[in-house]
Amino acid sequence: MASSAVESAAGSLSRLNIDDWVSAAPNLHKNISLLSPQQVELAKMLLGLNQSHLFEHWPEPGISDDEKLAFFDQIARLDASYPGGLPSYIKTARELLADSKAGKNPFDGFTPSVPSGEVLTFGNDSFIQYEDAGVHEARKTAFVLVAGGLGERLGYNGIKVALPLESTTGTCFLQHYIESILALQETSCRLSQGGGPTEIPLVIMTSDDTHMRTLKLLESNAYFGMNSSQIRLIKQEKVACLDDNDAKLAMDPQNKFRIQTKPHGHGDVHSLLYSSGILKEWLHVGRKWVVFFQDTNGLLFKGIAASLGVSATKGYQVNSLAVPRKAKEAIGGITKLTHQDGRTMVINVEYNQLDPLLRATGYPDGDVNSETGFSPFPGNINQLIIEIPPYLDELSKTGGAIKEFVNPKYKDATKTAFKSSTRLECMMQDYPKTLPPAARVGFTVMDTWLAYAPVKNNPEDAAKVPKGNPYHSATSGEMAIYKVNSLILRKAGVKVDDPVHRVFNGQEVEVWPRIVWQPKWGLTFSDIRSKVRGNCSITAKSTIVINGKSVYLEDLALDGALVINGTNDGAEVKVGGSVQNKGWIFEDVDYKDTSAPEEVRIRGFRIKKVEQLQKP
Ligand code: UTP
């Protein structure tokens with residue numbers, strides 16, 4: 001360290017009560033000449049926060065000095081990346097840990113009721129009207145993909161957005177999302193008049209676990225056709241782990257000069273959009289909506305236009321996309337909570353909290369199905385559409401901080417020690433918690449087959465899911481794509497055979513005809529309907545892949561595999577008549593067969609292309 005820096009560090013020190021320093025952290029005190037003035041400030045902050053244990057093992061100056069400086073680099077990062085810095089983190093942690101120890105119920109004083117929202121029926125007149133309205137809004141929209149999660153339940157070695165959404169074409173999630181946004185952009189700009197943005201931006205929130213691989217996936221695929229400037233990556237930082245109820249920072253078990261860190265949760269997306277200035281930029285160019293979505297839901301874009309239309313028509317500041325939910329089903333319910341003191345909020349309440357809350361507030365049967373056969377509290381799928389101007393106003397007040405929670409696993413009933421370190425977490429869907437009662441927060445319910453089929457579970461865990469509950473595996477995620485496309489074509493007038501049942505990786509699934517199209521072929525129901533003419537039929541064993549935009553199916557009778565490639569110049573390609581061949585078939589692949597690629601093993605099959613017709 002330069003001598004002036006040493007003097008200046010010593011200067012900072014001299015303003016402290018040296019006796020306090022020496023008694024609180026003698027080993028730190030011995031090393032003080034190593035530190036810059038900023039690092040001395042950080043050291044003071046840590047001691048003030050009762051974190052002197054972090055220095056107990058520090059050796060004499062001259063030993064592990066680089067590690068000591070790296071320790072302060074990490075402290076500086078942890079401090080800078082949390083709204084209000086480490087003091088605020090530790091203060092909140094102490095409060096939440098005390099509440100947790102006291103067994104405080106976060107919903108004390110609140111009564112649940114059903115909020116207002118819109119229930120959509122795919123393909124009916126109102127759905128089509130909402131889709132039209134949504135397509136007009138789309139150019140004023142931005143998309144935000146939260147993709148910083150570890151994906152521990154899936155256990156895939158790569159990043160989840162690189163997984164194929166289906167293996168008929170092998171298109172990965174990220175490619176599908178980008179192509180869907182581009183298709184929406186093209187249609188929206190064509191249909192809506194007037195000025196305003198002509199590009200729909202995509203922000204991807206990554207973490208240290210996913211950042212480099214996400215960037216590489218984009219770069220090595222030319223951003224899947226999007227302008228590279230249209231996509232921005234924002235990286236969330238992890239937060240410090242805590243060892244006890246006093247929020248003592250936990251040391252990394254592998255490195256005693258590092259604080260152990262863990263992910264803070266997808267709620268970070270709000271503070272990052274705010275602090276990066278991206279939201280302000282969007283507002284400035286007249287953008288109105290942000291759509292938040294998750295890494296592996298291949299059905300998302302089937303209902304996005306209609307849901308945007310609901311937001312615009314109903315003026316929802318926050319629109320939570322939801323699916324019908326059986327009473328007590330293991331998925332959070334969108335709920336309006338009213339407090340005795342008059343506060344209200346519309347938020348996700350976890351299923352294991354909703355039933356007891358209802359029982360405790362005058363509904364002795366708890367969460368029960370209504371005459372529709374479903375719980376009146378719709379199932380949250382964690383996809384949100386938020387209106388930008390009030391969103392930015394709100395974040396300006398909160399700095400983007402989202403209400404956090406802590407979930408320590410205690411060693412015993414005294415609740416004094418943890419089994420392993422814990423940390424604060426926050427969830428994207430908790431944003432409405434701080435909104436004023438007048439805020440318009442609603443929901444849009446769509447059928448599960450249309451809107452929700454995430455890939456979260458590994459095959460072994462998926463096979464253990466109780467019968468009737470969704471697997472949420474790579475197998476079920478792929479089958480959901482074939483099902484939704486089959487049902488959409490049916491609604492558009494095509495005779496599509498019923499599915500057959502098969503078992504892959506211990507999971508019984510419906511296998512519909514493998515119907516796949518590029519988003520630009522049809523993103524809205526009206527668009528798809530206009531591309532199907534006459535009497536078309538598709539048998540259960542069939543596969544159809546539609547590439548390109550101006551492809552029309554006319555009196556097509558398909559019993560086999562058909563790959564249609566549209567032209568680049570937009571000229572119409574009409575495909576019809578009888579197509580019959582041996583088609584593409586499923587070959588079983590065992591999950592434990594390590595000779596197969598991981599993305600194949602986790603779905604339990606590969607597709608063997610026996611015979612097909614290619615057009616033109
Ligand atoms: P998941 O609930 O699927 O969590 O996250 P996960 O961490 O990816 O997977 P598990 O729980 O370890 O199995 C829902 C969405 O939120 C993102 C994920 O990438 C996914 O899109 N996420 C999650 C973040 O962006 N950051 C986080 O800290 C956590």
Side-chain angles (χ1 to χ4, degrees), residues 78 81-82 89 143-163 165 172-174 176-178 202-215 217 232-241 260-273 276 290-301 320-321 330-332 348 350-351 379-384 400-407 409 420 422-431 451-462 464-465 470-474 476-477 602:
L78 289 172
S81 60
Y82 186 83
Y89 182 74
F143 282 82
V144 177
L145 165 62
V146 289
L150 285 171
E152 278 174 329
R153 282 171 289 170
L154 185 63
Y156 175 56
N157 277 312
I159 47 170
K160 287 186 273 176
V161 289
L163 271 174
L165 163 100
C172 74
F173 280 99
L174 191 54
H176 173 73
Y177 295 147
I178 290 177
L202 168 65
V203 164
I204 307 176
M205 181 172 81
T206 57
S207 65
D208 278 328
D209 299 307
T210 61
H211 187 82
M212 288 316 293
R213 287 179 292 176
T214 307
L215 188 61
L217 181 65
R232 269 192 281 190
L233 269 53
I234 49 178
K235 184 160 75 74
Q236 63 175 145
E237 296 295 333
K238 291 182 180 168
V239 288
C241 292
Q260 189 183 20
T261 58
K262 285 187 184 164
H264 189 219
H266 41 56
D268 278 345
V269 73
H270 301 294
S271 64
L272 286 173
L273 285 177
S276 61
V290 196
V291 177
F292 293 90
F293 65 110
Q294 305 196 18
D295 49 18
T296 58
N297 182 13
L299 303 188
L300 171 85
F301 280 88
S320 287
L321 308 201
I331 169 171
N348 171 62
E350 291 306 334
Y351 73 98
N380 169 43
I381 59 170
N382 249 351
Q383 262 128 208
L384 301 170
I402 295 302
K403 289 248 179 269
E404 292 159 302
F405 62 96
V406 68
N407 190 13
K409 306 277 180 289
S420 61
T422 188
R423 86 287 197 181
L424 299 190
E425 293 175 76
C426 62
M427 299 189 291
M428 176 168 86
Q429 67 271 29
D430 280 345
Y431 162 70
Y452 192 52
V455 176
K456 285 184 189 284
N457 293 324
N458 65 62
E460 277 169 1
D461 290 344
K464 288 186 217 141
V465 163
Y471 297 120
H472 289 173
S473 65
S476 62
I602 60 172

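What you see is a predicted model; the values in this text were computed from it and never measured. When a ligand or atom number is given, it counts from 1 through the structure's own listing order. Computed from heavy atoms alone, side chains included, the values below leave out hydrogens, waters and symmetry copies.
When hydrogens are left out, the protein atom nearest atom 8 (O) of ligand 1 is K160 NZ, 2.6 Å; that is the closest non-hydrogen contact. Among protein heavy atoms, atom 17 (C) of ligand 1 sits closest to V146 O, 3.6 Å. The protein heavy atom nearest to atom 12 (O) of ligand 1 is E152 N, 2.7 Å. Ranking the protein heavy atoms by distance from atom 7 (O) of ligand 1 puts L150 N, 3.2 Å first. Of the protein's non-hydrogen atoms, the one nearest atom 11 (O) of ligand 1 is R153 NH2, 3.1 Å. Regarding atom 23 (C) of ligand 1, its nearest protein heavy-atom neighbour is G149 CA, 3.6 Å. Residue, atom and distance of the protein heavy atom nearest to atom 16 (O) of ligand 1 are H266 CD2, 3.1 Å.
Within the 4.0 Å heavy-atom cutoff, S207 does not count among the residues contacting ligand 1. In this structure, E425 does not count as a contact residue of ligand 1, since none of its heavy atoms falls inside 4.0 Å of the ligand.
Between Q236 and ligand 1, at least one pair of N/O atoms sits closer than 3.5 Å. Taking distance alone, with nitrogen or oxygen atoms compared against 3.5 Å, G151 approaches ligand 1 more closely than that limit. Between G148 and ligand 1, an N or O atom pair is found at a separation short of 3.5 Å.
Between F293 and Y177, the ring centre distance stays below 6.0 Å. If you look at F301 and F143, their ring centroids are closer than 6.0 Å.
Using a distance-only test at 3.5 Å, with no hydrogens or angles considered, a donor-acceptor pair links the side chain of N297 to the main chain of A451. Distance alone, capped at 3.5 Å, is enough to place a donor-acceptor pair between the S276 side chain and the L272 backbone. Looking at H266, its side chain does come within 3.5 Å of a backbone N or O of M428 through a donor-acceptor pair. Using modelled atom types, no side-chain atom of Y431 and backbone atom of H270 make a donor-acceptor pair closer than 3.5 Å.
In M428, neither the side chain nor the backbone holds a heavy atom less than 4.0 Å from any atom of ligand 1.
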**Prompt:** Does the pair K456 and K160 meet the rule for a side-chain contact (heavy atoms from CB on, under 4.5 Å), with working shown?
**Reply:** CA-CA 9 Å; K456 285 184 189 284; K160 287 186 273 176; 5.5 Å; no

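Each of the following atoms of ligand 1 lies closer than 4.0 Å to a heavy atom of D295: 18 (C), 19 (O), 20 (C), 21 (O). Heavy-atom contacts of P263 reach the following atoms of ligand 1: 28 (O) (cutoff under 4.0 Å).
When Q294, K456, M205, H472 are ranked by how near their heavy atoms come to atom 15 (C) of ligand 1, first place goes to Q294.
Enclosure of atom NZ in K262 by more than 12 non-hydrogen atoms of other residues, nucleotides or ligands within 6.0 angstrom is indicated.
Taken from CD1 in I402 to CG in L424, the straight-line distance is 13.5 Å, to the nearest 0.5 Å.
Looking at heavy atoms from C-beta onward, F173 lies out of side-chain contact with D295 at the 4.5 angstrom threshold.
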